[in-house]
Novice: 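Got a structure for you, written out below as structure tokens; questions coming shortly.
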Amino acid sequence: MEQTICGRVASVKFWDGYAKWYKQWMDHTRYHESILDALMMTASPGWKVLDIGAGSGVLSLPLCAIGCDVTALEPSTGMRNLLFAETFKRGIDWLNVDDRTWEGVEHEHYEGVDLVVACNSLHLSPLGFKGALDKVFALRPANIFVVTELGPPEIKVTMKREGYTWVFVSECEADSSFAYHCFDEAFMHWSYNKGRALLADEMVYLESQLKKERGGGHYWVKDKAVVGMYWFRRIDERFETKEERCERF
């Protein structure tokens, strides 16, 4: 997703106001395509799932559709409204929604779930990426799927975790372009991101980035993001192979 560089992006209030822009981005992007492929190939029907920072339900709702018992953790009212609209549109009425922040969730509330999903959300916690990830591992879920655009030195998930093994670690290039209907709409969006009106030189720069698609229609700011996907599985020592045991040590 198009990123803001200011600290405002980590606040719930920011996402309340950003929800309309997030929907516009989601309506025109295929950002989550590879992420969904990886998730749906690895998850199993019937799992109990916690989706941290579920947003509009782009990962939660496909899991619901295959029969998972999903809780969408989403503290932003604006983003929850998008989520409720999507559940209604898809006819899904069995999604559980928790409006707390990740740092506000009691440790034992989701302990031992089958899968925790966190897509571009852990770095937004006041706990910091590492602290938020440590809290995920403290739940001792059977599986953990972390998706992030963070790279070194912020990301530390490549470190081995006691009691867990890798299912996969992969990287993909995701389309993170943004489509606008007019220049003014682009100016409004970027102004919201910055929390102020754009300066004249910023408007000139943005105009230079906007490319109109052939045949009219939208103006695009083209962008791509490198996305890391990390799937951990808890080791069941009763069924651990000799090779897996050696790999841990």
Novice: May I ask you to decide if Glu108's main-chain N or O and Glu111's side chain share a donor-acceptor pair within less than 3.5 Å?
Specialist: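 Answer holds: no.
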Novice: Does the plane of the ring in His218 sit parallel, tilted or perpendicular to the ring in His181? Use 30° and 60° as the thresholds.
Specialist: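 If you compare the ring of His218 with that of His181, the planes turn out tilted.
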Novice: So which heavy atom on Glu202 is nearest to which on Ala197, and how close?
Specialist: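 Smallest interatomic distance, heavy atoms only, reads OE1-O, 4.5 Å.
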Novice: I need the minimum non-hydrogen distance between Gly78 and Asp16, along with the two atoms involved.
Specialist: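 Closest approach of Gly78 to Asp16, heavy atoms only: N-OD1, 3.1 Å.
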Novice: Run the side-chain contact (heavy atoms from CB on, under 4.5 Å) check on Met26 and Glu86 step by step: do they pass?
Specialist: CA-CA 12 Å; Met26 285 290 294; Glu86 283 295 315; over 6 Å; no
Novice: I'd like to know if the side chain of Trp15 reaches the main chain of Val9, judged simply by a donor and an acceptor atom lying under 3.5 Å from each other, with no hydrogens or angles considered.
Specialist: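 Present.
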Novice: Quick check: do Pro62 and Arg90 have side-chain heavy atoms less than 4.5 Å from each other?
Specialist: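 Yes, their side chains come closer than 4.5 Å.
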Novice: State, yes or no, whether a side-chain contact exists between Tyr110 and Val116 at a heavy-atom distance under 4.5 Å.
Specialist: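 No, every pair of side-chain atoms sits at 4.5 Å or beyond.
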Novice: Has the side chain of Thr29 got a donor or acceptor atom that lies under 3.5 Å from a matching backbone atom of Asp175?
Specialist: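 Here the side-chain-to-backbone pair exists.
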Novice: Between CG of Leu61 and CD1 of Ile92, what distance do you get to the nearest 0.5 Å?
Specialist: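 Between atom CG of Leu61 and atom CD1 of Ile92 there are 4.5 Å.
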Novice: Hydrophobic clustering (ILVMFWY, side-chain heavy atoms < 4.5 Å, transitive) - are Val221 and Met203 grouped together?
Specialist: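 Yes, because Met203 and Val221 connect within a single hydrophobic cluster, where side-chain heavy atoms sit under 4.5 Å apart.
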Novice: Just wondering, do Tyr18 and Asn193 contact through their side chains at under 4.5 Å, heavy atoms?
Specialist: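 Yes, close enough: below the 4.5 Å cut-off.
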Novice: Could you go through Glu74 and Ile52, starting from their C-alpha distance and side-chain angles, then the distance that decides it, and tell me whether this counts as side-chain contact (heavy atoms from CB on, under 4.5 Å)?
Specialist: CA-CA 7 Å; Glu74 180 49 65; Ile52 300 173; over 6 Å; no
Novice: For Val49, which of Cys68, Pro141, Ser60 qualifies under side-chain contact (heavy atoms from CB on, under 4.5 Å)?
Specialist: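 Running side-chain contact (heavy atoms from CB on, under 4.5 Å) over Cys68, Pro141, Ser60 with Val49 returns exactly one hit, Cys68.
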Novice: Sub-3.5 Å donor-acceptor pair from the side chain of Trp102 to the main-chain atoms of Ser125, do we have one?
Specialist: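 Pair absent, no side-chain N/O of Trp102 close to backbone of Ser125.
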Novice: When you group the ILVMFWY residues by side-chain heavy-atom contacts below 4.5 Å and let the links chain together, are Val226 and Tyr31 in the same group?
Specialist: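 No.
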Novice: So, using side-chain contact (heavy atoms from CB on, under 4.5 Å) as the criterion, who are the partners of Ser44 when residues are at least two apart?
Specialist: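 Residues passing side-chain contact (heavy atoms from CB on, under 4.5 Å) with Ser44: Trp47.
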Novice: Working to the nearest 0.5 Å, report the span between CG of Asp51 and SG of Cys119.
Specialist: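 Rounded to the nearest 0.5 Å, the CG-SG separation comes to 8.0 Å.
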Novice: For a quick test of reading the model, state the closest non-hydrogen atom pair linking Val105 to His109 and the distance between them.
Specialist: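 Here Val105 and His109 meet closest at CG1-CB, 4.4 Å.
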Novice: Are the side chain of Asn96 and the backbone of Val70 linked by a donor-acceptor contact shorter than 3.5 Å?
Specialist: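 A pair under 3.5 Å: yes.
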Novice: With no hydrogens and no angle check, is any side-chain donor or acceptor of Asn143 less than 3.5 Å from a backbone partner on Arg233?
Specialist: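 Not at all, since once roles are kept as given, no pair shorter than 3.5 Å links the two residues.
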Novice: Mark yes when over 12 heavy atoms from residues, nucleotides or ligands other than Tyr205 sit less than 6.0 Å from its OH; otherwise mark no.
Specialist: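 Incorrect, the count does not exceed 12.
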Novice: Between Phe178 and Trp220, is the ring centre distance below 6.0 Å?
Specialist: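 Between Phe178 and Trp220, the centre distance exceeds or equals 6.0 Å.
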Novice: Would you give the length of the straight line joining atom CZ of Arg80 to atom OG of Ser56, rounded to the nearest 0.5 angstrom?
Specialist: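 One gets 14.0 Å once the value is rounded to the nearest 0.5 Å.
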Novice: For residues Val97 and Leu59: do they belong to one hydrophobic cluster (side chain heavy atoms under 4.5 Å, members Ile, Leu, Val, Met, Phe, Trp, Tyr)?
Specialist: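 Val97 and Leu59: one cluster.
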Novice: Roughly how far apart are Ser76 OG and Tyr22 OH, rounded to 0.5 Å?
Specialist: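 The OG atom of Ser76 sits 11.0 Å away from the OH atom of Tyr22.
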Novice: For the residue pair Phe187 and Phe183, categorise the inter-ring angle as parallel (less than 30°), tilted (30 to 60°) or perpendicular (more than 60°).
Specialist: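 Because their plane-to-plane angle is over 60°, the rings of Phe187 and Phe183 count as perpendicular.
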Novice: To the nearest 0.5 Å, how far apart are CD in Gln24 and NE2 in His28?
Specialist: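 Reported to 0.5 Å precision, the distance equals 6.5 Å.
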Novice: Should Met40 and Trp94 be regarded as members of a common hydrophobic cluster, given that ILVMFWY residues are connected when their side-chain heavy atoms come within less than 4.5 Å of each other, either directly or indirectly?
Specialist: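 In one cluster: yes.
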Novice: Is the Phe14 ring parallel, tilted or perpendicular to the Tyr192 ring (thresholds 30°, 60°)?
Specialist: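 Plane angle between 30° and 60°, so tilted.
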Novice: Please name all residues satisfying side chain to side chain donor-acceptor pair (under 3.5 Å) with Asp27, sequence neighbours left out, ordered by chain then number.
Specialist: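 Counting only residues at least two positions away or on another chain, Asp27 forms a side chain to side chain donor-acceptor pair (under 3.5 Å) with Lys23.
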Novice: Is the number of heavy atoms from other residues, nucleotides or ligands under 6.0 Å of Arg140 CZ greater than 12?
Specialist: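 More than 12 within 6.0 Å, yes.
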Novice: Answer with yes or no whether the hydrophobic clustering places Val204 together with Leu210; edges join I, L, V, M, F, W, Y residues whose side-chain heavy atoms lie under 4.5 Å apart.
Specialist: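 Val204 does not cluster with Leu210.
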Novice: Measure the acute angle between the ring planes of Phe168 and Trp231, then classify it against the limits of 30° and 60° as parallel, tilted or perpendicular.
Specialist: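 Rings of Phe168 and Trp231: tilted, as their planes differ by 30° to 60°.
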Novice: Where do Val12 and Pro75 come nearest, in terms of heavy atoms and distance?
Specialist: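 Of all heavy-atom pairs spanning Val12 and Pro75, the closest is CG1-O, 3.6 Å.
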Novice: Measuring from atom OG1 of Thr42 to atom CG of Asp37, what distance do you get when rounded to the nearest 0.5 angstrom?
Specialist: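 Interatomic distance, Thr42 OG1 to Asp37 CG, rounded to 0.5 Å: 10.0 Å.
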Novice: Taking all heavy atoms of His123 and all of Asn120, pick out the closest pair and write down the distance.
Specialist: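 Of all heavy-atom pairs spanning His123 and Asn120, the closest is CE1-O, 3.3 Å.
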Novice: Using modelled atom types only, decide if a donor and an acceptor are shared between the side chain of Lys211 and the backbone of Ser208 within a distance under 3.5 Å.
Specialist: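 Yes; at least one donor-acceptor contact below 3.5 Å.
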Novice: In terms of ring plane angle, is the pair Trp25 and His32 parallel, tilted or perpendicular, where the classes change at 30° and 60°?
Specialist: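 Geometry flag for His32 against Trp25: perpendicular rings.
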Novice: So does Lys48 have more than 12 non-hydrogen atoms from other groups sitting under 6.0 Å from NZ?
Specialist: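 No, because the 6.0 Å sphere around NZ of Lys48 holds 12 heavy atoms or fewer from other groups.
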Novice: Do Trp190 and Tyr180 have a side chain donor and acceptor closer than 3.5 Å?
Specialist: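 Yes.
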Novice: Assess the residue pair Tyr219 and Glu207 against the criterion (side-chain contact (heavy atoms from CB on, under 4.5 Å)); give the C-alpha distance rounded to whole Å, side-chain angles, the decisive distance to 0.1 Å, and a yes or no.
Specialist: CA-CA 10 Å; Tyr219 293 89; Glu207 285 186 14; over 6 Å; no
Novice: Locate the shortest heavy-atom distance separating Phe232 from Arg161; write the atom from each residue and the value.
Specialist: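 Here Phe232 and Arg161 meet closest at CE2-CG, 4.3 Å.
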Novice: Is there a side-chain contact (heavy atoms from CB on, under 4.5 Å) between Leu39 and Leu115 once you walk through the steps?
Specialist: CA-CA 10 Å; Leu39 175 62; Leu115 171 64; 4.1 Å; yes
